[in-house]
Amino acid sequence: MLPEIAIIGHPNEGKSSVLSTLAEDDSVRISPYPGETTVCRAFPVTIDNRELIRFVDTPGFQNPSQVLAKLKTLEGSSEERLHKLLDYCGSKDALSEDFELLKPISRGAALIYVVNGARPARGVDRDEMEIIRLIGKPRMAVINNKGKEDRYLAQWKDELAIRFNSIRLFNAHRATYGERIGLLEALGSIDQDWQQVMSEVVETIKKDWDSRTGNTAHIISSLLSESMRLKISSQLSKKSDEEKARTELAAAYTKNISKLEKSAHGQIRAQFHHNLYDYKLPPYSVLHEEIFSEKTWQFLGLSKRQFILLGGIGGGALGVGVDVAALGHGLGLFTALGTIGGALGALGTRKRLDYESSLLGIRITGPQITIGPAGSIALLFVLINRALHFYKHMANWSHGRRDYEDPHALEDTTTANYTKDWSTSELKIAHDFFKTVDKPESDKHQISAGKLEPVLIESLTKIYSDS
Ligand SMILES: Nc1nc2c(ncn2[C@@H]2O[C@H](COP(=O)(O)OP(=O)(O)OP(=O)(O)O)[C@@H](O)[C@H]2O)c(=O)[nH]1
Ligand SMILES: [Mg+2]
């Protein structure tokens, strides 16, 4: 039988938000107005076309004191009393929502009772908790910590501890993958019958998460392959047009790389079932920066240590010679591809052309001007770091969250460079990948791509297990 879990509680406390996050389903209706959910709706979690578990969204209790008063008068086994109560609520218009929320319980669903930890418990909450206790089904309480308020947590915990098998703090708008798994694991402890069921559910979700991580690594590796070997050219009609042609070509190159990146990020997003809502990046995310901006390269490009290590592995051919390092960091070389003439202009034409060709692969042969394949391995690291930032955002953006009403709530001010601690052997793998990228079908490239993916998986795993 498919395990079913009903999410119940007082109106407007975050039931639908909790469900949305647990089921990874952003089609759940969430609203600031109480009474948004008026009938039960089931949200199955399906993995590989198999329904694993079903969460049921319910309306809030409508008239708990009347329901409790009735329940106390009923006699018989707990099953019999529940059915009598259901009949009673079904016969009264004023109890239509209480009737709705009792339905899944009468089918054998386990219960998650959601309370809002930002306010104190009141009499009406005690009535609700008492109804649930008397019904006697496996149950867990979730304190949905809507705000930063923690004054009432201890009181809530005391009130809940005497009536529930398990209590969890859970923020429906911030919960990470780890917290979601933690809650599902705890659900297994509410009842012996649920233990086996929930451990299977959790195992399947973990495996599914691993396959998302593997797929993400593959998406990133394909992005790197395509971007690094991207090559575009234009014809130079007159020597005097060179500056203009360079700038235009640089702009077209940037656009192409951005397009490849956007498509890869879209594929990463699709892994995480963020379907309906237009996600917003946190206001301070480094991803708001252009790929070829100074800030991006400063934070996400190669670190000094990497420059030195890579210099040792591959030397000047990688575009990471030591004076390039000094230039890259010191002069804001990448303010924009189009400003190559700016920062580099100061160097004099000869030197400037050297840098352009070694870093970006810009060259002029006869009447033809060409950019790409990328001249510097630094672009590879920029793209990896940006993809990892995007992944972090997608993997941790809970489905119950619908906007950034509080701009500081999910600050992603970090300009973390996730590759900065890669070991020399990991850098060597990136180096081999870069050196063979213009021959994507070659054995050498396939082998290095095969080695790069596990390195990426390790970085991805670190990101979600750290958060
Ligand atoms: N900041 C924040 N807001 C939350 C959280 N959970 C719920 N909310 C907000 O609280 C309001 C009610 O959330 P819902 O999830 O619709 O609550 P509900 O209990 O399903 O409400 P009804 O269906 O009307 O009974 C919405 O405006 C949510 O955005 C949370 O964890 N953090
Ligand atoms: Mg609701």
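Counting starts at 1 for both ligands and their atoms, in listed order.
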Check: Which atoms of ligand 1 have any heavy atom of T37 under 4.0 Å away?
Finding: 22 (P), 23 (O), 24 (O)
Notebook entry, point to check: Taking atom NZ of K84 as the centre, does the number of heavy atoms from other residues, nucleotides or ligands within less than 6.0 Å exceed 12?
Noted result: yes
Next item on the list: Give the numbers and elements of all ligand 1 atoms closer than 4.0 Å to a heavy atom of S16.
Entry: 15 (O), 18 (P), 20 (O)
Notebook entry, point to check: Any N/O/S atom, backbone or side chain, of S16 lying under 2.8 Å from the Mg ion (ligand 2)?
Noted result: yes
Margin query: Within the 4.0 Å heavy-atom shell around P34, which atoms of ligand 1 are there?
Written below: 24 (O)
Check: So is P59 in contact with ligand 1, going by heavy-atom distances below 4.0 Å?
Finding: no
Next item on the list: State whether the number of non-hydrogen atoms from other residues, nucleotides or ligands found under 6.0 Å of D48 atom CG is greater than 12.
Entry: no
Notebook entry, point to check: Would you call E4-R107 a salt bridge at under 4.0 Å N-O?
Noted result: yes
Notebook entry, point to check: Would you find more than 12 non-hydrogen atoms of other residues, nucleotides or ligands less than 6.0 Å from Q155 atom CD?
Noted result: yes
Item checked: ligand 1-proximal atoms of V114, by part, heavy-atom distance under 4.0 Å -> neither
Note to self: Using a 3.5 Å cut-off on N or O atoms only, is K146 in polar contact with ligand 1?
What the structure shows: yes
Margin query: Taking distance alone, with N or O pairs closer than 3.5 Å, would you say D57 contacts ligand 1?
Written below: no
Notebook entry, point to check: Do N385 and N417 have a side chain donor and acceptor closer than 3.5 Å?
Noted result: yes
Note to self: Within the 4.5 Å heavy-atom criterion, are E100 and T58 side-chain neighbours or not?
What the structure shows: no
Notebook entry, point to check: Within the stated cut-off of 2.8 Å, is an N/O/S atom of T37 closer than that to the Mg ion (ligand 2)?
Noted result: yes
Next item on the list: Please state which part of S17 comes within less than 4.0 Å of ligand 1, counting heavy atoms only: side chain, backbone, both or neither.
Entry: both
